[in-house]
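For reference, positions follow the sequence shown, starting with 1.
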Amino acid sequence: MSMHANSYQLFSKEILSIWKNQDVSYIKVEELSTVEGITFFELIPDSELLDGGEQDTLYAIDSDDVEDMLLFSKNIRFVVHNIYLEED
C-alpha cells in the first residue's frame with residue numbers, strides 16, 4: 001500500500017458528494033492490504049462484481065453502509081484511487 005499511497009485518498013463526504021452528482025448508483029468495496037494492523041479497502045464507483053469475488057461487496061450509494069465508511073475506524077481505512085476522482 002505504501003508504494004501506491006500517493007495514488008489514493010481517504011474516502012470523504014466530498015468524494016461521496018461528487019459521486020452522487022455524477023449519478024453513481026453503487027460502490028464496490030475491495031480489500032487492498034493490511035499494513036501495521038490497518039486494513040485498507042478500495043472503493044470503486046459503479047464497478048461490476050466479478051465471479052468469485054468473495055472479498056468484494058457492492059453497496060448502494062445512498063445506503064447507511066456507505067455513510068458508515070465515512071466514520072473514523074482505528075483498524076480500517078476506506079480509500080479511493082485518484083482515477084475515480086477525475087471529472088467526466
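Atom CD of Glu31 and atom CD of Glu42 lie 12.0 Å apart (nearest 0.5 Å). Annotation: the span from Tyr59 atom OH to Leu43 atom CG amounts to 10.0 Å, rounded to 0.5 Å. Atom CG of Asn75 is separated from atom CD of Glu36 by 12.5 Å, given to the nearest 0.5 angstrom. Remark: Tyr8 OH to Phe40 CZ distance equals 11.0 Å, nearest 0.5 Å. Of the inter-residue distances, the one linking Ile38 atom CD1 with Ile76 atom CD1 reads 10.5 Å to the nearest 0.5 angstrom. Atom NZ in Lys13 sits 8.0 Å away from atom CD in Glu67 (nearest 0.5 Å).
Within 6.0 Å of CG on Asp64 lie no more than 12 heavy atoms contributed by other residues, nucleotides or ligands. For Ile83, the CD1 atom is loosely surrounded, since the number of other residues' heavy atoms within 6.0 Å does not exceed 12.
Counting heavy atoms from C-beta outward, Arg77 and Thr39 have side chains that stay 4.5 Å or more apart. Between Val79 and Leu32, some side-chain heavy-atom pair lies under the 4.5 Å cut-off. Two residues are said to be in side-chain contact when any heavy atoms from C-beta on lie closer than 4.5 Å; Asn21 and Ile18 fail this criterion. Between Gln22 and Tyr84, the closest side-chain pair of non-hydrogen atoms is not below 4.5 Å. With contacts defined as side-chain heavy-atom distances shorter than 4.5 Å, the pair Phe11/Val80 qualifies. Within the 4.5 Å cutoff, the side chain of Lys20 has heavy atoms near those of the Asp62 side chain. Contact annotation: the side chain of Lys28 never approaches that of Thr57 to less than 4.5 Å [non-hydrogen atoms, C-beta and beyond].
By the side-chain hydrogen bond (donor to acceptor under 3.5 Å, both in side chains) test, Ser25 pairs with Asp46, sequence neighbours left out.
Summarising the geometry of Ile15 relative to Leu10, their closest heavy-atom pair is CD1-O, 3.5 Å, with the distance given to 0.1 Å.
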Derivation and outcome, side-chain contact (heavy atoms from CB on, under 4.5 Å), residues Met69 and Val29: CA-CA 10 Å; Met69 292 175 200; Val29 178; 3.6 Å; yes
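Between the side chain of Thr34 and the main chain of Gly37, no donor-acceptor pair closer than 3.5 Å is present. A donor-acceptor pair under 3.5 Å is absent between the side-chain atoms of Trp19 and the main chain of Glu14, judged by distance alone.
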